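Report on one structure; see the data block that follows.
Atom set for the values below is all heavy atoms of this structure, side chains included, hydrogens, waters and symmetry mates excluded. Everything quoted here is computed from the prediction, not taken from an experiment. Just so it is clear: chains get the letters A, B, ... in the order the sequence lines come, proteins before strands, and each one is counted from 1.
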2 protein chains.
Amino acid sequence: VMGHVSLVGAGPGDPALLTRKAVMRLRAADLVLYDALVGERVLRLARRAQRFFVGKRAGRQALSQTAIHAVMIRAAKRGRRVVRLKGGDPFVFGRGGEEAIALGAAGVPFDIVPGISSAVAAPALAGIPVTHRGLASAFLVVSGHDEDAFAASIGQLAPNGLTLVVLMGVGRRAPLAARLIDRGWSRETPAAIVADASLPQQQVWRGTLDDLASDGARLEGDGPATIVIGAVAALALITVDAQVATAERARRRS
Amino acid sequence: VMGHVSLVGAGPGDPALLTRKAVMRLRAADLVLYDALVGERVLRLARRAQRFFVGKRAGRQALSQTAIHAVMIRAAKRGRRVVRLKGGDPFVFGRGGEEAIALGAAGVPFDIVPGISSAVAAPALAGIPVTHRGLASAFLVVSGHDEDAFAASIGQLAPNGLTLVVLMGVGRRAPLAARLIDRGWSRETPAAIVADASLPQQQVWRGTLDDLASDGARLEGDGPATIVIGAVAALALITVDAQVATAERARRRS
C-alpha cells in the first residue's frame, strides 16, 4: 500500500497556533522530518512517529535537499504516513515547492497544510498590523538571506504606503537597512524586530531604519526573528495576551 | 468583572484550517461578531455564543466600524467574552488595527489570534508557492479594492523575481491587470485566480496577465478570490488533498 506525504506548516512556534489539520496529520504520522525552527512542544504531538531532524545545526545542513526528497519518497512508497514539518508556512521561503515537484515526479500522493507565517503573525503578536488604513495598504515579504537578492527585490519600491517584512535577515540587519537608506528610504522610517514570536521568550525591539543601519538594535539569543519596516512599526497596540489567557483558565476551573 | 475581546482570524474557510487557539476562543465565547467571509461550519464552534453579523451584505455594511467598536466595548465591560471573527487574518486588510486601537483606548483587555491568510494559503491550496527558488524570492500582497491605491502600491515594482498577490480584487481584475501592463509588465506573465480556497467548491483559473486584462478569466459564483500574478502561477504542483484525506479516514476506521 502506498503511503503519502503532508507538507505541513508548524506556524511561529506556539503549539496553540497550529491548525487543527496540522495536529491531525502529526497525530497520524509514522515519520516526521523537521527543521531547526520546529520546537519540542510541537513535535510531541506526533506521538507514534519516528522523528528525523533534517534542518540546519551550527550553520550546517543535516541533510541535503535531494536527500530529504529521497527519504520522503522512500518512506511513502513503503506505505508510511510522512509529515514534512516546517516552521511557519511550507511555501513561504520553505522550499515546499521543490519538495512538491519531487513528490509529484515520483508519483507519491501528497497534500499541503498551510501554516501561520511569521511574516504576518510575528508583527501581529507584537501589536503591529502589516496593513492599516492610512498607513499601509500593501506589504512586501522578502528574505534577508542574501543581500543582493534583497536589493533586487526591493527594486524601486517607494517606502510610503507599504510595509516591508524581512524574514531570515536579522543577522544582516545593518547592511540590509543600509541598502534601503541608499535607495532613498528615510532614516526615520519606523522599524521593529520581533524575535521568538508567540513563544514565552518573545522579544520586541522598536526603533528606526537608522538604528538598524547603525547596528543599534539589541536582541538576546539567536531565535528566529522578523524585521518590520514602515509606518505601522510605530503603532504600539497594547495587547494583553497573558491576562486574557489567565482569565480564560480561571473561568474554566470555576 | 471585566470581560475581554479576542481578535480572531478564521482562516480561508475550511474549519480544519482554524488554529487551536481560535477554536478555544470560539468555544469559550459569549458573543461573536462576524463578517460575511466567515462560514456556518466555523460559527458552529461557538456553541454558547450569541452571534452578531456585522459584515457586508448586498454591498451594504450591516454595522459601521464605529458601531462595531461600541458593541465590542460595551459587551466586554459587561463581563462578556467577545470574539471578533474575521476571514483570514485580522491584520491583513481586516481593520484589526483600528479595532485594537479602539479597545485599547477604552481600557478593554484584548488579544490577537492570527489566522491563515488567503494571501499565502489560497495559492498554496491551488499548488502555487508564493516563493520558489529561481522564480520568486519575494511576494507583495496588495488590495485590489481601489484601483488608484493599487497603482500606487505597485509603484515601479519590477515583475521579475516577485509574486504579486491581490486580495479583494477579483471584480476589478481586468482594469487591475491593465494597470500592470501599462507599467510594463509582460502580457505573458502567468496569472491564476483561486476562488473559495479550502472549501469544497474551490475553483482555480490559470492563464496570463493578458487574459485577465481582456476579461478572459471565467469563474462561477461570487465567493472570495485571490489573484496571483508572476512566474510561480504557472507551476502546477499536483496536490491530492482529497485522496490523502480519504486514506486517513479509511485507516482510522480500520
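Under the side-chain contact (heavy atoms from CB on, under 4.5 Å) test applied with A/Ile116, the options B/Val120, B/Thr19, B/Asp89, B/Val113 reduce to a single match, B/Thr19.
With values rounded to the nearest 0.5 angstrom, B/Ile154 atom CD1 is found 12.0 Å from A/Leu162 atom CG. Atom-to-atom distance recorded for A/Thr163:OG1 and B/Phe91:CZ is 12.0 Å, nearest 0.5 angstrom. From A/Leu18, atom CG reaches atom NZ of B/Lys21 across 12.5 Å, with rounding to the nearest 0.5 Å.
Contact of B/Ser153 with chain A is made through backbone and side chain together, with heavy-atom distances under 4.5 Å. Within the 4.5 angstrom heavy-atom criterion, only backbone atoms of B/Ile128 (N, CA, C, O) approach chain A. Of the atoms belonging to A/Ser117, not a single heavy atom falls under 4.5 Å from chain B. For B/Val232, no part sits under 4.5 Å from any heavy atom of chain A, backbone or side chain. Of the atoms belonging to A/Val23, it is side-chain heavy atoms, and not backbone ones, that fall under 4.5 Å from chain B. Proximity to chain A (any heavy atom under 4.5 Å) is shown, for B/Val141, by both the backbone and the side chain. Neither the backbone nor the side chain of B/Pro12 comes within contact range of chain A, judged by heavy atoms closer than 4.5 Å.
Between chain A and the options B/Val130, B/Leu17, B/Leu167, heavy-atom pairs under 4.5 Å are most frequent for B/Leu17. With chain B as partner, the option from A/Met2, A/Glu98, A/Arg95 having the largest number of non-hydrogen pairs under 4.5 angstrom is A/Arg95.
Between A/Ala138 and B/Leu140, the shortest heavy-atom contact is CB-CD1, 4.3 Å. Nearest approach of B/Ser137 to A/Phe93, heavy atoms of both residues: O-CE2, 3.2 Å.
With a 6.0 Å radius and a threshold of 12 heavy atoms from other residues, nucleotides or ligands, A/Arg78 has its CZ atom at or below the threshold.
Contact annotation: the side chain of A/Val142 never approaches that of B/Phe139 to less than 4.5 Å [non-hydrogen atoms, C-beta and beyond].
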Check your understanding: Between A/Ile101 and B/His132, is a side-chain contact (heavy atoms from CB on, under 4.5 Å) present by the stated rule, with each step listed?
Key -> CA-CA 11 Å; A/Ile101 289 171; B/His132 192 81; 3.8 Å; yes
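A side-chain donor-acceptor contact under 3.5 Å links A/Arg20 to the backbone of B/Pro15.
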